[in-house]
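Chain identifiers are assigned alphabetically (A, B, ...) following the order of the sequence lines, protein sequences preceding nucleic acid strands; residue numbering begins at 1 within each chain.
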2 protein chains.
Amino acid sequence: MAVKIGLVGTGTVGGGCIDIINKHSGAFQRHLGTDIELVRVCSLSSAEAEAHGVGELFTDDFHDITNDSDIDIVIELIGGTTVARTVVLEALAAGKNVVTANKALMATHGEEVMSAAKAAGVELAFGASVGGGIPIIGPLKHSLIANEVSTVMGIVNGTTNYMLSKMSEEGMSYEQALAEAQAAGFAEADPSADVDGLDAAAKIAILASIAFYSRVTLDDVYARGITTISPTDLDAARDMGYVVKLLAIAHRTPEGIDVRVHPTMIPVDHQLATVNGVFNAIYVVGDFVGETMFFGEGAGAGAAASAVMGDVLEVARHLTQGVAPIVGCTCTDELPICPITSLSMKYYMRFTASDRPGVLAAMASVFAEHDVSIHSMIQRGAGADGTVDLAYVTHVAREQDVRAAIDEICALPDTVKGEPSLIRVEE
Amino acid sequence: MAVKIGLVGTGTVGGGCIDIINKHSGAFQRHLGTDIELVRVCSLSSAEAEAHGVGELFTDDFHDITNDSDIDIVIELIGGTTVARTVVLEALAAGKNVVTANKALMATHGEEVMSAAKAAGVELAFGASVGGGIPIIGPLKHSLIANEVSTVMGIVNGTTNYMLSKMSEEGMSYEQALAEAQAAGFAEADPSADVDGLDAAAKIAILASIAFYSRVTLDDVYARGITTISPTDLDAARDMGYVVKLLAIAHRTPEGIDVRVHPTMIPVDHQLATVNGVFNAIYVVGDFVGETMFFGEGAGAGAAASAVMGDVLEVARHLTQGVAPIVGCTCTDELPICPITSLSMKYYMRFTASDRPGVLAAMASVFAEHDVSIHSMIQRGAGADGTVDLAYVTHVAREQDVRAAIDEICALPDTVKGEPSLIRVEE
């Protein structure tokens, strides 16, 4: 008996899923004994659906899928937290298993949809919500479960990694890199979810929830994007032995979960430093396994569709063999979230400062007053406007002290022009 | 009801498993609802067992485990294919689930033990047999199943990677690097399984069987080790833009499975080129997911024990929830193995040649006769004994042509001294 699939959403990833089913369903039957059949496809665009040969499977009303008693698994690939949430909840309520790639939904309404799946006795799989095609949720929930995980950290947004790679390698400005990413199809017309760090924040919320067995939602994640990063900062970073990446970071600390997304300076010889372009990589540290890293294409039709269909086949295999859902919600612990101001780490700061005697000394004394000890400093040539660039990297300091020092320096008369740059440093 | 575990073998990995159970069994119960209890430990060394506080669980007769009707899961960590095979087969016959890290057993008697597990209706898990703690078998059997995999390739032996790193970075000879690896505990007193490539061959046989759904055994794998690699070759490789790694390689080709282990030159900017020391990394290419890589510690107590206990918890979770074995043998296809002589690729060759007129021309004409086209050549300074080092990298050529050319060159009068080096090149 074939496991019957309904697909909602025929964008890039949905199209990739249809292609996989068309190309490989014979192999799935031969290799896994799993017969899957696509029986209904919902899309707002009949043209988009037709481009993948959907034919008479097409509908533009998702209720034709959620209400179809023949359908065993609903694939939700609309994205967002409005219609997608309704589709998922209605499908679950109708007793259907759901596979989704929707990180925003899982990071915002994860508890609601997981509970609905449990109540209905069905599976809800979301392996494609993080890392494109990179297997990461599966390994965290299975192969690595014997570990207490201390860190999950990675490059989980391909768009911003592509832009930072371009800015770093080719000296492009933020605006140029964005335009190029849009032209290459790696950035949306409205790029804010990517460049403001919210996409990465949703993903690290999901990873942290799984790794630490404690619920972390999108709202818990401190998120800063790359919009204020300049080629000047990338140059200064390189001169100091670092590269800048938009990292999504989650650490287990004695005070709770430290979870955040922001541009981060990492040493040039760090495993994550050489992950360029649209590639993603996720680094996991466990108390027994030590350091592991998972690398692959973070975006693109094929990679995300690979992850979605991996979940579909897993659920289909369970259905075929009469296996009840194995892994439900695992947020059994209730760990607090550390406020960003409680952090201590190294910081990079860059000021555009007046090129006059006494400025360096004045700034140095403010740092000292606030217990911020400087590890290295680079001054770059005088600007035509009588300014110089002063880039500092601190020793480990408290975030609240660093912020207070910056505020005080900015308030000094005739010292700093414009907004300073602040980039956190992970060793 | 606790799932009861019997452990056979208290070496490095077995000790790590006991440590994990002691440290984390409370967490497993809280997070996964899985209660595991170690009830019997078999070892030839009561002192080794006692070092992990085994106490009255100790036995030196494995039958006390395989015959104990209370035991649900047997962990086999003896290694080898003699006693280990008996332990595994007797445990399976007694209806016990088995978790093993034994690559030699799986690569040699995989079909026999998988069939025995199927006949008994129990699970046989072997995730720790490849890549230490790196999740790779799980992802191949689950997250990546929607793909047709074209390549699995990696650094899967930590000992030889440590030695090659030392030889390359510090100019050590093979003998020095081996002595250092032995002193550091990374190489056995008898290092042959590592340095001759047989450990890596067993691992790639297992990975190829899973990735290509076709049985590949240890005997099918062409294996060459690192014993003939010299610092001179590593230097020449670097000058030509390559590093040398002992790679385990499996490609799907139109003619069948190309599977082999040998020292391999890869470009310095290849993802695998920066994997140094005892780290392992496995690179997988699928038709939809594209390139992925899995990186981590390939050896050591903690990493391998993490993988073993990941399997134990998975099986225990299935037992607790009454789930029948999900994934058995998946070797449904019968693909042929490509003979090594049918390969075409690039080759590095180095000869110690007479430093006299006419040698280069004579060698060039032999290459030409055999259709071996040279991409680059480096000649290094004359030796005290009137010889020069000639290092060549070819364009893509047929292995049989390259071997014939080398044989003919070696037979030329007064041309080549000693054995030439031959290293295959993957781009």
Side-chain angles (χ1 to χ4, degrees), chain A residues 16 19-20 23-24 27-28 30-32 127 132-139 142-148 213 269 271 274 279 281 284 286-297 300-303 305-314 317-318 321-324 326-327 330 332-333, chain B residues 16 19-20 23-24 27-28 30-32 127 132-139 142-148 213 269 271 274 279 281 284 286-297 300-303 305-314 317-318 321-324 326-327 330 332-333:
Chain A
D19 294 345
I20 290 180
K23 185 171 175 197
H24 287 327
F28 300 150
R30 193 168 75 250
H31 295 152
L32 313 170
I134 305 172
I136 178 65
I137 289 179
H142 297 277
S143 312
L144 296 175
I145 42 172
N147 291 272
E148 179 174 287
Y213 297 93
D269 58 356
Q271 280 290 330
T274 55
F279 279 93
V284 179
D287 59 347
F288 282 90
V289 76
E291 299 173 55
T292 60
M293 197 178 80
F294 303 80
F295 168 91
E297 291 180 25
S306 160
V308 170
M309 291 306 301
D311 277 347
V312 168
L313 286 162
E314 194 71 17
R317 194 144 62 161
H318 294 169
Q321 303 182 357
V323 171
I326 297 176
V327 180
T330 53
T332 51
D333 299 350
Chain B
D19 294 346
I20 291 180
K23 186 172 175 195
H24 287 327
F28 300 150
R30 190 168 76 249
H31 295 153
L32 312 170
I134 306 171
I136 179 62
I137 290 180
H142 297 277
S143 312
L144 297 175
I145 44 174
N147 292 270
E148 179 175 287
Y213 297 94
D269 59 356
Q271 280 291 330
T274 54
F279 280 93
V284 179
D287 59 348
F288 282 89
V289 76
E291 300 174 55
T292 59
M293 196 177 81
F294 304 79
F295 168 91
E297 291 180 26
S306 160
V308 170
M309 291 307 301
D311 277 348
V312 167
L313 287 162
E314 194 71 17
R317 194 145 59 164
H318 293 170
Q321 302 182 357
V323 171
I326 297 176
V327 179
T330 53
T332 51
D333 298 350

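A:Met309 CE to B:Ile145 CD1: the interatomic distance, rounded to the nearest 0.5 Å, is 9.0 Å. In this structure, B:Glu297 CD and A:Thr292 OG1 are separated by 9.5 Å, a value rounded to the nearest 0.5 Å. A distance of 12.0 Å separates OG1 in A:Thr330 from CZ in B:Arg30, rounded to the nearest 0.5 Å. Note that CZ of B:Phe279 is 7.5 Å distant from CD of A:Gln271, once rounded to the nearest 0.5 Å.
With a 4.5 angstrom heavy-atom cutoff, B:Asp333 touches chain A only via side-chain atoms. Residue A:Ile136: no heavy atom, backbone or side chain, is found under 4.5 Å from chain B. Using a 4.5 Å cut-off between heavy atoms, A:Asp269 does not touch chain B at all. If you measure heavy-atom distances from A:Ser306 to chain B, the contacts under 4.5 Å come from both the backbone and the side chain. Interface residue A:Phe28: only side-chain heavy atoms are found under 4.5 Å from chain B. If you measure heavy-atom distances from A:Glu148 to chain B, the contacts under 4.5 Å come from both the backbone and the side chain.
Ring pair A:Tyr213/B:His31 is parallel by interplanar angle, where below 30° counts as parallel and above 60° as perpendicular.
Listed by chain and number, the residues in a side-chain hydrogen bond (donor to acceptor under 3.5 Å, both in side chains) with A:Ser143 amount to none (sequence neighbours excluded). Among residues two or more places apart in sequence or in another chain, the salt bridge (charged side-chain N to carboxylate O under 4.0 Å, His left out) test is passed with B:Asp287 by A:Lys23.
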**OP:** Starting from the C-alpha separation in whole Å, work towards a yes-or-no answer on side chain to side chain donor-acceptor pair (under 3.5 Å) for A:Asn147 and B:His24.
**Re:** CA-CA 8 Å; A:Asn147 291 272; B:His24 287 327; over 6 Å; no
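Contacts with chain A were tallied for B:Ala281, B:Gly296, B:Ala307; B:Gly296 has the most, counting heavy-atom pairs under 4.5 Å. Between chain B and the residues A:Ala27, A:Gly310, A:Ala146, A:Gly132, the largest count of heavy-atom pairs under 4.5 Å involves A:Ala146. Interface remark: of the candidates B:Gly133, B:Gly16, B:Pro135, B:Pro135 forms the most heavy-atom pairs closer than 4.5 Å to chain A.
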